[in-house]
Amino acid sequence: MKIPDAPMEERPHAGLLLQRVREIAAGKLAPLTEKIDREGYYPREVLQALGAAGAYRVQMAAPRGNADYAAAIQAMAEVSSVCMSTGFMMWCQNACSLYIEQSGNAALIERRLDCHINGDTLGGTGMSNPMKTFAGIETLLLQGRPVHGGYVVNGTLPWVSNIGPGHYLGAVCEIDNDPSRHVMFLLDCSAPGVTLKHCPTFSGMEGTSTLSVRATNLFVSEAEVIADPVAPYIRRIKGAFILQQTGMALGVVQGAIDSMWAVEQQLGHVNRFLDNRPDDLQCELDDLKQRILRLAATPFESDGEYFLDVLDARAHCGELSLRATQSALLHQGARGYLMNAAPQRRIREAHFVAIVTPAIKHLRKEIARLSAQELPA
Amino acid sequence: MSAAAFRQFICRACGYIYDEALGDPDGGLAPGTRFDDIPDDWMCPTCGVGKGDFEPLIVASIARTAQAAPPIAARHAPPPVVIVGGGIAGWAVANAVRATDAARPLVMVSGCTACVYPKPLLSVALAQGHTAVSVVSESGDSAARRLNLRLLHGTWVSGIDAARRRVRTTRGDIAYGQLVLALGASPAPLPLDAESNRHLWRINHLDHYARFRAAVGDTPKHVAIIGAGLVGCELADDLAGAGHRVTLLDAAPQPLPGLAAPDIAHSFVQELAASGVRFIGAARVLSVRKASAGVDVDLGNETLHADLVLAATGLRTEARLARTAGLAFNNGYAVDPRTLRTSDASIYALGDCASFGGKTCRFIEPIHRQALVIAAALSQQPSPGFAIVDVPVRLKSRSMPMTFSLAA
């Protein structure tokens, strides 16, 4: 797969990174794909190799990285075209580095950021529940109360990915049961008071190490605080947070198109009776990719129109993933329906793109809310 | 002895590829097993057919730039004319198209309920005792049935994919044959901070009127109106007529700047005062802040306390959708006045969102003429063409109605 188009000659770091990432995806990762998807194998060595290749560092501001969100998304796409579970975990890792970098908390950055972006340590994001809370869809699941030097936190987050003993995640708790007071912090999975529990089996993407996190009188020190207050912080990072996810879709759609071309020689004579042919899908994907890479040039833009563009691109990613992977299975027929075939796996991966926070329905609800004229309450 | 290159064979039944280099270890064939050496009782590992159902795989390179085999004829009906916007302009186009073509599939996408109502009434409705229900002449659903049109209300357009002729909406993609943009215009934010803008009421829509009317309530209030153009003056007159105290503000020294001559404006200020409207000219609003009850409007030299603040400072058309479609935009969707086509041959625009060489034409009268032009273009009839002509504009004031001529 190839994701070209961005002016690579101006970004030699990106060309080099994508070359390394492609090698890891085709080498280490490709043989593990089925094991990751169905048997719950957690590809720690692949995630760490991607870190060593610079896939997490590239989006960081200088001097740590190149502040190149487009390259981070492209790297995620390269990996997702082979195994979207791993692409999703790159997003978890990148979202977590975004949280730490943008926290402005010197102690936290000093202690966590460099080993994180090298891939020496790994982390996830427990922000699905807070994001939905701020959009008026859920209520916060973690409760905190201030104590000397920090907070004591209780509650359970279901379904947090890319975590395990020694990992950590970004999380938000409500303070003193006051729905207007929140603190965002880095939750250390190995801290006393934290219990990790396996979730029931999912229909795919089992190797994403998706666990529930229970906090019982967990002490969170001020050195682990990411944001207080949380609302302005979320406003600043939400565009970047959502835009980064598009890498998963760009990859899974490209993988689907590739699998259509793989059978074109033998099956083109019947596949021409199908909707959504690979050449049409490729044009649509290329246009969407261009939109995304342009948006990725200014991930912290605060303009309302920019955020609508991000939401629309992210929704398009979900819709196109569903359409392309569905069509790829129809193109391949029975061979794509085999349990070890990529097309049926990609359909389940595409469903994940469509339902992971923000899901297509959340995105559309938010677009509708932002499109209406705001009047005094 | 030099080994021949390994070959690949494809199962005609299921597409499984037997690669001599890899063999089929699970089926007892070591890597390197030549196809000819495979025993006859060997079975395809995925579908179970025998060796005889395999053929050599000849990989022709299919260039990615080439097209896939051309699709068989589309099974779908020709895509509809999609109208975006359920205001006066949207309905005008729907009526005009239906008048020339009874069968053409029509879809209307509207963020609101697309009720049919005379919008100019909104600035004079309070004194007449109108509710948001009583101004409606026909519900959107009823008009949709009458015109055999599919109405998607409560649906917002988030993007236009002009290359694939699809509008992206909050209820999924909709394919169009032709797209008509009747998007209207929305109140421009004032050059104040975000908090000030959050306290400003606007009446540009039936729903805004309903919410404003509920907020004003049944007891007399003090309402500050920012902007003393036509709409601001009408609203001031209307609120005063409904028994409210009104302060009318404008950055210009007189009301109706650019429309009324100073002596007429002077008489108008006196008429306003007699009906309970205080006019403050050359006013500069610095901020609007929530007070213990109502809001404080900081004018620098005085702080005006009001129950509600209404902004009537003009409209603008948002460029975002034009950008998503790559359409020419110049203060509005740039259209050819002969056809009302935008820079994309399949996309038309009319009403408040259209622009003619950078000029907008945000009045009711031209909309019906524009709708006829679009209906003619869609049915490939000779176009009557559209020109901006001098339009008389009436100030609907109870005490001092006036008519102005707006030069083209």
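These values consider heavy atoms only, across backbone and side chains, with no hydrogens, waters or symmetry-generated copies.
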Give a yes or no on whether the backbone of L152(B) and the side-chain of R171(B) come within a donor-acceptor separation of less than 3.5 Å. no
Please flag which part of H269(A) lies under 4.5 Å from any non-hydrogen atom of chain B: side chain, backbone, both or neither. neither
Using a 4.5 Å heavy-atom cutoff, which residues in residues 330-359 of chain A come close to chain B? R335(A), L338(A)
Below 4.5 Å from any heavy atom of chain B, which atoms of A372(A) appear? Answer side chain, backbone, both or neither. both
Taking atom NZ of K132(A) as the centre, does the number of heavy atoms from other residues, nucleotides or ligands within less than 6.0 Å exceed 12? yes
Given a strict heavy-atom distance threshold of 4.5 Å, which part of R369(A) is in contact with chain B: side chain, backbone, both, or neither? neither
Checking heavy atoms, do the side chain of E305(A), its backbone, both or neither come under 4.5 Å from chain B? both
Using 4.0 Å as the upper bound for N to carboxylate O, is an ion pair formed by E284(A) and K289(A)? no
Report the C-alpha separation of D312(A) and S158(B) in whole Å, then their side-chain angles, then the decisive distance to 0.1 Å, and conclude whether the side chain to side chain donor-acceptor pair (under 3.5 Å) test is met. CA-CA 6 Å; D312(A) 185 46; S158(B) 59; 2.7 Å; yes
Can you find a heavy atom in the side chain of K238(A) that is under 4.5 Å from one in the side chain of F307(A)? yes
Heavy-atom pairs under 4.5 Å with chain B, option from I367(A), N271(A), L311(A), D309(A) with the top count: D309(A)
Heavy-atom nearest pair, Y333(B) first then E318(B), reads OH-O, 4.0 Å
Can you tell me which portion of R166(B) sits under 4.5 Å from chain A's heavy atoms? Options are side chain, backbone, both or neither. side chain
Derivation and outcome, side chain to side chain donor-acceptor pair (under 3.5 Å), residues D286(A) and Q290(A): CA-CA 6 Å; D286(A) 290 347; Q290(A) 286 313 309; over 6 Å; no
So, R165(B) and D161(B), do they make that salt bridge, N to O below 4.0 Å? no
Any side-chain heavy-atom pair from I347(B) and L327(B) closer than 4.5 angstrom? yes
If you count heavy-atom pairs under 4.5 Å between each of C11(B), A215(B), P187(B), C47(B) and chain A, which one has the most? P187(B)
Most heavy-atom pairs under 4.5 Å with chain A, out of R168(B), H199(B), H208(B), belong to R168(B)
What option among G172(B), A319(B), A163(B) has the most heavy-atom pairs under 4.5 Å with chain A? G172(B)
Side chain to side chain donor-acceptor pair (under 3.5 Å) between S186(B) and R316(B), intermediate numbers included: CA-CA 6 Å; S186(B) 48; R316(B) 56 136 193 215; 4.6 Å; no
For chain B, which of E374(A), H316(A), E319(A) has the most heavy-atom pairs under 4.5 Å? H316(A)
